[in-house]
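Before any comments, here is the structure.
Just so it is clear, the model here is predicted, and its values are computed rather than measured.
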Amino acid sequence: MGSTVIGGGAPVVVQSMCATKTRDIDATVAQVHQLCAAGAGIVRIAVDNELEVEALAEIRRQCPQAVLSVDLQENYRLAARVAPLVDKIRYNPGHLHHLERQKSVREKVAWLVAVARDHNCALRIGVNCGSVAPEFLERYPGDGLEALVQSAVYHCDLMEELGFERFVVSLKDSDPRNVIAANERFAALRPEVPLHLGVTEAGMPPEGIIKTRIAFEQLLAKGIGETIRVSLTLPNSRKHEEVLAGKQILEDVANGRFLSVPEFGDGLNIISCPSCSRVENERFVELAEQVRELTRYAARHKITIAVMGCRVNGPGETDDADLGLWCGPTVVNLKRRSQKLGSFSYAEVLERLKIELDRLIAERAAAESSASV
């Protein structure tokens, strides 16, 4: 894949993703250089429309040596336009049903494989906890982890049927324990397939680094994982810290340095997506930091709050959180699990979040009191 080798005994590759708007060519080129200088072996860029494809062409022209991966998210049909410009294409099996519903998933994957083969691209099958394909959620009701794993296995089977070998798989969740379990299950079933490791929406440092380390230490020590990304909520100027954190974890594991880490399941857990070019309002990072400060008083309560920055992952990946905020261009959508509580301005949402958090704490306290009587 470009100058980067994945699998086959090659060193584990650290990668990251641009947080700049893809159409802002100067900023994105600068960030590609920033990430590569920090040691990223692969840099991912999101592309969602034709204007971003045009921008990507210029970004590639100015970054000829960078190993670029493109993230298509919902618009898989853009693959043919971006394939000549990148080294790898990432598609999400859970988003393939959005377009051309009359076509089967197999037909769409076969088309993606043909595009990748024609342009000498690798593929990443990127399965995510918040967007597992509906077909697999129906097959494994109540067992989202097995749905995640079996979706990945199915797409590997398709690659095999189509005679395509240049692919890697990722199985991501915001809970490091689920990341460990999913990747161990998958590796037991398909040990020959290279794995990209990541804890999605790990959040802000230092907590986000600790969560990620929990998963990576256990998996890498067992020989599971060929590439990694530490997904952190960071301002653009600090995005390279993802790469530095990943390199440090790899160095520590290689030298037998393992940390004793806290158990996040015993208290407040804030998950937030890594700042990337899909974020619809740059105040998202500031809001995530404000949520962390606002909720410190609830640290001992086993409550998950999700802060998500875009329409692609926001709606689905807040469904499993006790309280969720997914951020649009001008408003923040506040949810209690899958129930939408309303849309609020960035200035208003923190006050309403505190009301809902206090209500949730009071409800649980009343339930525990009732149960103990």
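We find the CD-CZ distance between Gln15 and Arg44 to be 7.0 Å, quoted to the nearest 0.5 Å. In this structure, the separation between CZ on Arg352 and CG on Leu334 is 6.5 Å, given to the nearest 0.5 Å. For the atom pair Ile224 CD1 and Leu197 CG, the distance stands at 8.0 Å (nearest 0.5 Å). Between Asn333 atom CG and Lys340 atom NZ the span is 4.0 Å, to the nearest 0.5 Å. Going from atom CD1 of Ile42 over to atom NE2 of His196 covers 8.0 Å, rounded to the nearest 0.5 Å. One distance of note links SG of Cys121 with CD1 of Ile89; it measures 4.5 Å at 0.5 Å rounding.
For Glu293 and Gln290, the side-chain atoms include no donor-acceptor pair closer than 3.5 Å. No hydrogens or angles considered: a donor-acceptor pair under 3.5 Å links the side chains of Gln248 and Asp252. Between the side chains of Glu286 and Tyr346, not a single donor N or O lies within less than 3.5 Å of an accepting N or O. Side-chain contact check for Lys108 and His97: no donor-acceptor pair (N or O, by modelled atom type) lies under 3.5 Å. Checked by atom type, the side-chain pair Asn269/Lys211 shows a donor-acceptor distance below 3.5 Å. Ser131 and Asn92 share a donor-acceptor pair across their side chains, judged by distance under 3.5 Å alone.
Other residues, nucleotides and ligands contribute at most 12 non-hydrogen atoms within 6.0 Å of the CZ atom of Arg300. The neighbour count for Glu50 CD, taken as heavy atoms of other residues, nucleotides or ligands under 6.0 Å away, is above 12. By the neighbour-count criterion of 12 heavy atoms within 6.0 Å, atom CD of Glu192 is densely surrounded, having more than that number from other residues, nucleotides or ligands. Around atom CD of Gln65, no more than 12 heavy atoms belonging to other residues, nucleotides or ligands sit under 6.0 Å away. Environment of CG in Asn178: crowded, with over 12 heavy atoms of neighbouring residues, nucleotides or ligands closer than 6.0 Å.
Within the 4.5 Å cutoff, the side chain of Ser231 has no heavy atoms near those of the Glu201 side chain. Counting heavy atoms from C-beta outward, Cys273 and Phe284 have side chains that approach closer than 4.5 Å. Taking 4.5 Å as the limit, some side-chain heavy atom of Val43 sits within range of a side-chain heavy atom of Cys18. Put simply, the side chain of Arg296 does not reach to within 4.5 Å of the side chain of Leu268, judged on heavy atoms. Leu68 is not listed as a side-chain neighbour of Val70, based on a closest heavy-atom distance of 4.5 Å or more. Looking only at side-chain heavy atoms (C-beta outward), Ser170 and Arg124 come within less than 4.5 Å of each other. With a 4.5 Å cut-off on side-chain heavy atoms, Lys88 and Leu123 do not count as touching. Side chains of Asp71 and Ile45 form no contact here, defined as non-hydrogen atoms less than 4.5 Å apart.
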**Report entry** Thr4 and Asp87: CA distance, side-chain angles, deciding distance, side chain to side chain contact (heavy atoms under 4.5 Å, CB included) verdict
**Finding:** CA-CA 9 Å; Thr4 297; Asp87 303 286; over 6 Å; no

Query raised in the report: So Tyr154 and Glu135, side-chain hydrogen bond (donor to acceptor under 3.5 Å, both in side chains) or not? Walk me through it.
Result: CA-CA 11 Å; Tyr154 171 71; Glu135 174 187 355; 5.9 Å; no

Report task. Any chance you could lay out the side chain to side chain contact (heavy atoms under 4.5 Å, CB included) test for Phe216 and Val230, step after step, and finish with the verdict? Result -> CA-CA 10 Å; Phe216 288 6; Val230 182; 4.1 Å; yes

Query raised in the report: Yes or no on side chain to side chain contact (heavy atoms under 4.5 Å, CB included) for Leu287 and Val332, after CA distance, side-chain angles and deciding distance?
Result: CA-CA 10 Å; Leu287 179 65; Val332 180; 3.9 Å; yes

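Partner Gln31 forms a side chain to side chain contact (heavy atoms under 4.5 Å, CB included) with one of Ile59, Thr20, Asp26 and no other, that one being Thr20. Each of Tyr91, Phe136, Phe186 was checked for a ring-ring contact (aromatic ring centres under 6.0 Å, His included) with His155, and the lone residue meeting it is Tyr91. For the salt bridge (Lys or Arg N to Asp or Glu O under 4.0 Å) with Asp322, the lone residue among Arg336, Lys335, Arg337, Arg359 that qualifies is Arg337.
The side-chain tip of Lys354 points at the ring of Tyr297 from less than 6.0 angstrom away and within 45° of straight on. With a 6.0 Å cutoff to the six-membered ring centre and a 45° limit on the axis angle, Arg77 counts as a cation-pi contact of Trp111.
Of all heavy-atom pairs spanning Cys327 and Glu280, the tightest one is O-CB, 4.3 Å. Counting all heavy atoms, side chain and backbone alike, Arg81 lies closest to Pro84 at O-CD, 3.5 Å. Across all non-hydrogen atoms, the minimal contact from Ala221 to Val253 is N-CG1, 4.3 Å.
Taking a cutoff of 4.0 Å between a charged side-chain nitrogen and a carboxylate oxygen, Asp157 and Arg106 do not qualify as a salt bridge. The existence of a salt bridge linking Arg190 and Glu160 is confirmed by a sub-4.0 Å separation between a basic side-chain nitrogen and an acidic carboxylate oxygen. With respect to the salt-bridge test (charged N to carboxylate O, under 4.0 angstrom), the residues Glu251 and Arg257 qualify. A salt bridge links Arg185 with Glu146: the closest approach of a Lys/Arg side-chain nitrogen to an acidic carboxylate oxygen falls below 4.0 angstrom.
Remark: side-chain polar atoms of Glu107 are paired, donor with acceptor, to backbone N or O of Ser104 under 3.5 angstrom.
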